[in-house]
Amino acid sequence: MTTPLHNIVAEYLHDHGSMTVHDYMQLCLQHPEHGYYRKAQAVGKDGDFITAPEISQIFGDLLGMWMLHAWHVCGAPRKAALVELGPGRGTLSADILRMIKKNEDATNVFALHLVESNETLRAEQAKKLWQHQPVWHDDIAPLPHELPLFIIANEFFDALPIRQFVGGVERSIRLEGEALIFSPEGNVTRETCPAAQEMLAILAERLKAQGGVMLVVDYGYQGVAFRAQDSDTLQALRNHQFHPVLQDVGEADLTAHVDFTALAETAKAKGLHVHGVVAQGIFLERLGGEIWLKKLQAATVRNPQKAAELQQGWNRLSKPDQMGDLFKVIAFTPEPCELAGLR
Ligand code: SAH
């Protein structure tokens, strides 16, 4: 299908010959008019993919309890910012704040700050989170400078553009007739994500100056063993199905697996303390996921279908053959400390 972005890319390639995978991904996701993360419904049943907080409230409940715990570990500051990077439909922030506000000490502590590029999703977030009076930002730079930052990023870093290399050569897109093709041919041997590294470096400075914690959950990999194989993790998702990366340009979600080793190395180099990496299933289990599941099920005795849904949701989040292993959790703090689930 020829899309407006296909024509923009093709025109560029006619004039310049090639475009890096990085620039292609950036354009597909963030072109001001046609970029996927500028307008698409993206997340949820009516979108192209579903995320952990949309699968089950257990995820947001447990992350809310974890945030409350992290806030205590950080000395329970009287005022703080809860920051979500890429909040999707707002479900995760809503669940986290509902959990936090059950604790009287923390009821009025957190101001909600959302970093979001997508106007359609901002409107959804406003509907779900209005009572928390969120403040939206296009980028991390304008986040408050005077408050400790409690940052959560679930499935955010996978949406940032990556560079790919085939041997020593950066992988690009070229035209063959009217079709887009990758060049050079051959296996991808390495990927990097400059935007993730830059963002983490900036947030590291802010955490060191202001205090707080950053929790990253995403699908991804660790270590050089992975990188030594065919390391192509670039993928497109449309209507909950994998889709060819170079087709229907701008109409599918483009993502890449997150390199947790690279994130940890950058954080360490910037003087942060690294907690994890731990597989999502193990992390949620350590936070008492199974017990929380049973507690929620006990409240649904008259509704066996709801109890079964809770069980299914928990299985999907935690089982190694579902999201439990592929998704990973890492946290960063400016000071050494012990954080639940990540020891
Ligand atoms: N955290 C949510 C949604 C994850 S989907 C959840 O768990 O359900 C990715 C989110 O990041 C979307 O809200 C998308 O619009 C946003 N996003 C992607 N790239 C972005 C960027 N460069 N800047 C700001 N937001 C971005």
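This one's a predicted model, so the numbers in the text were calculated from it and none came from an experiment. Along the sequence shown, residues carry numbers from 1. Side chains are part of it too, since the values below use all heavy atoms of this structure and drop only hydrogens, waters and symmetry mates.
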Self-check item: In one Ile/Leu/Val/Met/Phe/Trp/Tyr side-chain cluster, 4.5 Å: I330, F283
Solution: no
Quiz item: Between E191 and S231, does any side-chain donor sit less than 3.5 Å from a side-chain acceptor?
Solution: no
Quiz item: Strictly by modelled atom types, are H34 and T3 linked by a side-chain donor-acceptor pair under 3.5 Å?
Solution: no
Self-check item: Cation-pi, F182 ring and R171 (6.0 angstrom, 45 degrees)
Solution: yes
Practice problem: Let me see the working for F110 and L97 under side-chain contact (heavy atoms from CB on, under 4.5 Å), right down to the final yes or no. | Solution: CA-CA 8 Å; F110 288 96; L97 283 167; 4.3 Å; yes
Practice problem: Report the distance from atom CG of L215 to atom CG of L339, rounding to the nearest 0.5 Å. | Solution: 9.0 Å
Quiz item: Within the side chain of K208, is there an N or O that forms a donor-acceptor pair under 3.5 Å with the backbone of K270?
Solution: yes
Quiz item: Taking atom CD of E185 as the centre, does the number of heavy atoms from other residues, nucleotides or ligands within less than 6.0 Å exceed 12?
Solution: no
Quiz prompt | Y221 ring center near F260 ring center (under 6.0 Å) | solution = no
Quiz item: Linking I/L/V/M/F/W/Y whenever any side-chain heavy atoms sit under 4.5 Å apart, do L263 and Y219 land together?
Solution: no
Exercise. Can you label the angle between the H113 ring and the H137 ring as parallel, tilted or perpendicular, going by 30° and 60°?
Key: parallel
Quiz item: side-chain contact (heavy atoms from CB on, under 4.5 Å) between L207 and L149: does it pass, once the steps are laid out?
Solution: CA-CA 7 Å; L207 285 172; L149 303 175; 4.3 Å; yes
Quiz prompt | Shared hydrophobic cluster, M65 / W314 (ILVMFWY, side-chain heavy atoms < 4.5 Å) | solution = yes
Quiz item: So if you build clusters from Ile, Leu, Val, Met, Phe, Trp, Tyr with side-chain heavy-atom gaps below 4.5 Å, do V258 and L284 land together?
Solution: no
Quiz prompt | Closest contact, heavy atoms only, A279 versus G324 | solution = CB-O, 3.4 Å
Self-check item: Gap separating the NE2 atom of H243 from the CD atom of Q241, nearest 0.5 angstrom
Solution: 10.5 Å
Practice problem: Please check if atom NZ in K128 has more than 12 non-hydrogen atoms from other residues, nucleotides or ligands closer than 6.0 Å. | Solution: yes
Quiz prompt | Pair L114-V135, side-chain contact (heavy atoms from CB on, under 4.5 Å): steps then yes or no | solution = CA-CA 6 Å; L114 305 173; V135 180; over 6 Å; no
Quiz item: Looking only at heavy atoms, what is the nearest atom pair of P334 and G211, with distance?
Solution: CG-CA, 4.1 Å
Practice problem: Using distance alone, with no hydrogens and no angle criterion, decide if Q30 and S117 have a side-chain donor and acceptor under 3.5 Å apart. | Solution: yes
Practice problem: Give the minimum heavy-atom separation between A204 and L272, together with the two atoms involved. | Solution: CB-CD1, 3.6 Å
Quiz item: Can you tell me if E116 and Q125 form a side-chain donor-acceptor pair at under 3.5 Å?
Solution: yes
Practice problem: Starting at NZ of K268, measure out to CZ of F332 and round the result to the nearest 0.5 Å. | Solution: 9.5 Å
Quiz prompt | Modelled atom types, side-chain donor and acceptor of E155 and T51, under 3.5 Å | solution = no
Quiz prompt | Donor-acceptor under 3.5 Å (Q164 side chain, V21 main chain) | solution = no
Quiz item: Around K294, counting heavy atoms of other residues, nucleotides and ligands shown, do more than 12 lie under 6.0 Å from its NZ?
Solution: yes
Practice problem: List the steps, then state whether salt bridge (Lys or Arg N to Asp or Glu O under 4.0 Å) holds for E119 with R38. | Solution: CA-CA 6 Å; E119 288 303 331; R38 289 302 176 102; over 6 Å; no
Exercise. Apply side-chain contact (heavy atoms from CB on, under 4.5 Å) to the pair W71 and V109, showing each step before the final yes or no.
Key: CA-CA 10 Å; W71 173 70; V109 169; 3.6 Å; yes
Self-check item: Spacing of D61 atom CG and L293 atom CG [to the nearest 0.5 Å]
Solution: 11.0 Å
Self-check item: E176, CD atom: more than 12 neighbouring heavy atoms under 6.0 Å
Solution: no
Quiz item: Has the side chain of N103 got a donor or acceptor atom that lies under 3.5 Å from a matching backbone atom of D105?
Solution: yes
Exercise. Determine whether the side chains of N315 and Q322 contain a donor N or O and an acceptor N or O closer than 3.5 Å.
Key: no
Exercise. Looking only at non-hydrogen atoms, find the nearest pair between V83 and V115 and report the distance.
Key: CG1-CG2, 4.5 Å
Self-check item: Minimal non-hydrogen separation, T333 against H275, with atom names
Solution: OG1-NE2, 2.8 Å
Practice problem: Answer yes or no: does atom CD of E335 have more than 12 heavy-atom neighbours from other residues, nucleotides or ligands under 6.0 Å? | Solution: no
Exercise. Could you tell me whether the side chain of Q297 and the main chain of A307 form a donor-acceptor pair under 3.5 Å?
Key: yes
Quiz item: When rounded to the nearest 0.5 angstrom, what distance separates CG in L160 from SG in C193?
Solution: 5.0 Å
Practice problem: Just do the salt bridge (Lys or Arg N to Asp or Glu O under 4.0 Å) check on R238 and D248 with the steps written out, would you? | Solution: CA-CA 10 Å; R238 196 172 185 205; D248 304 309; 3.4 Å; yes
Practice problem: First locate atom OH of Y24, then atom CG of L5, and finally report the distance between them rounded to the nearest 0.5 Å. | Solution: 8.0 Å
Quiz item: Are H72 and H69 close enough that their ring centers fall under 6.0 Å?
Solution: no
Quiz prompt | Closest contact, heavy atoms only, A267 versus V274 | solution = CB-CG2, 4.0 Å
Self-check item: L237-Y37 co-clustered via ILVMFWY side chain contacts under 4.5 Å
Solution: yes
